[in-house]
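Side-chain atoms are counted along with the backbone in the values below, which use heavy atoms only and exclude waters and symmetry mates. Order of appearance sets the numbers: ligands from 1, and atoms from 1 within every ligand.
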Amino acid sequence: MDRAGARLLIDVGAVIANWRLVADKVGPKAQAAAVVKADAYGLGADVLAPALAEAGCKRFFVATLDEAMALRPLLAEAEIFVLSGPLPGTEGDYPFHGLIPVLNSTEQIGRWVAQAERVGRSAPAAIHVDTGMSRLGLTLAEARALAEEPSRLAATGAVLVMTHLACADEAGHPLTPLQRDRFALARRYLAGLPGSLSASSGIFLGPDYHADWVRPGVALYGGNPTPGQPNPMGQVIRLQGKILQVRDVDAGDTVGYGATHRCQEASRIAVVAAGYADGLFRSLGNRGAGTIGSWRAPLVGRISMDLVTFDVTGIPESAAHPGATVELIGPGQDIEALAREAGTISYEILTALGARYLRLYGARP
Ligand SMILES: *Cc1c(COP(=O)(O)O)cnc(C)c1O
């Protein structure tokens with residue numbers, strides 16, 4: 001018996017196919033890592049990271065030390081990089097657990113090198129250079145200063161130099177080639193280190209942006225890395241809610257909090273078991289639609305915490321009845337379409353998916 005009001009179907013094979021598409025696109029000169037931070041964008045790093053490792057992925061990126069420690073026992077061989085870098089006092093946890101920090105500041109480098117001196121051995125790390133995000137990373141001047149101290153650079157155990165593009169998803173943005181050129185300069189300073197420049201969108205800017213390692217995240221999970229153009233990635237999730245009740249309402253009746261939807265005529269309203277606590281953005285109120293079989297049912301009224309309402313007038317009762325399924329994410333409305341309706345990006349749709357769904361993982365290819 002399936003007790004859940006709503007289910008999230010996650011196609012593991014589609015994630016692997018998306019990773020292979022990226023790996024083939026950048027190969028053989030560059031290799032594809034996988035970004036599985038935030039629980040693989042909400043879809044389950046415990047399932048997806050081992051599946052990607054089995055498919056040949058050798059490098060993973062997460063945001064925090066806790067995420068990395070949870071992943072470590074599930075990935076026998078693969079390297080795990082931690083994007084936030086070591087917080088003060090956690091430096092020893094990285095070599096202890098076999099994890100690789102991304103060093104984002106001279107301050108982090110200072111603590112990292114001090115530890116290497118303490119234990120008499122350097123451990124692997126990545127060096128992040130900021131080329132235009134003004135978020136994490138060394139300035140170009142700091143990268144140059146580090147390069148001018150070869151013994152300090154050696155003590156960092158650097159195995160990778162990386163940067164992150166700010167505007168790769170905006171075609172023709174002038175900051176993107178500027179960041180590429182600044183990164184080339186940083187790599188000249190830190191000569192000999194393998195480089196990593198691009199996340200999902202940068203990968204689709206061509207070989208100039210591939211360096212040695214690419215770091216796809218959202219593209220693996222079906223997000224469109226080329227906004228405004230057809231999505232080259234396969235869709236990964238379907239989200240289906242069950243109808244709890246179908247009610248007949250009179251012309252002039254209103255639906256939900258705030259009475260924001262008024263029925264123009266006698267209507268049938270299906271009440272479905274998913275709400276903003278499950279990641280259906282409240283901004284979707286009176287926007288978007290669900291699909292029931294081949295029918296489209298407009299979403300009406302505000303989204304409640306646990307419930308959402310659809311106008312199913314005209315859809316036969318044999319299709320729209322208690323226990324039947326309304327698809328909220330699927331071929332009829334993918335994560336990009338839903339994100340547009342909600343006024344956000346597919347990243348936020350994915351990472352907001354709640355914990356209440358029955359999660360079903362599709363078979364591997
Ligand atoms: C999140 C993140 C990525 C992955 O980004 P996508 O746009 O999801 O591919 C890559 N690199 C860094 C530094 C990140 O923070």
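- Only the side chain of Y347 comes within contact range of ligand 1, with a heavy atom under 4.0 Å; no backbone atom does.
- A side-chain contact (heavy atoms from CB on, under 4.5 Å) with L138 is found for exactly one of T163, T106, D130, namely T106.
- M233 pairs with exactly one of V15, T226, V22 by the side-chain contact (heavy atoms from CB on, under 4.5 Å) rule, that one being V22.
- More than 12 heavy atoms of other residues, nucleotides or ligands shown are found within 6.0 angstrom of CZ on R72.
- In this structure, the side chains of I10 and L360 stay at 4.5 Å or more apart for every pair of heavy atoms.
- The distance from ligand 1 to the heavy atoms of V218 drops below 4.0 Å at these ligand atoms: 6 (P), 8 (O), 9 (O).
- Residue-to-ligand polar distances place R215 within reach of ligand 1: an N/O pair is separated by less than 3.5 Å.
- For atom 2 (C) of ligand 1, the nearest non-hydrogen atom from the set K37, M162, R135 comes from K37.
- Between the side chains of S84 and T64, no donor N or O sits under 3.5 Å from an acceptor N or O.
- Heavy-atom proximity to Y41, at under 4.0 Å, picks out these atoms of ligand 1: 1 (C), 4 (C), 5 (O), 6 (P), 8 (O).
- Remark: minimum distance from atom 5 (O) of ligand 1 to any protein heavy atom is reached at A199 CB, 3.4 Å.
- Residue contacts with ligand 1 for V35 involve side-chain atoms from C-beta outward but no N, CA, C or O (heavy atoms, distance under 4.0 Å).
- The side-chain heavy atoms of I269 and V312, taken from C-beta on, include no pair separated by under 4.5 Å.
- Every atom of ligand 1 with a heavy atom of P216 under 4.0 Å away is listed here by number and element: 9 (O).
- For E327 and R238, the salt-bridge test passes: some basic side-chain N is under 4.0 Å from an acidic carboxylate O.
- Of all protein heavy atoms, the one lying nearest to atom 9 (O) of ligand 1 is S200 OG, 2.5 Å.
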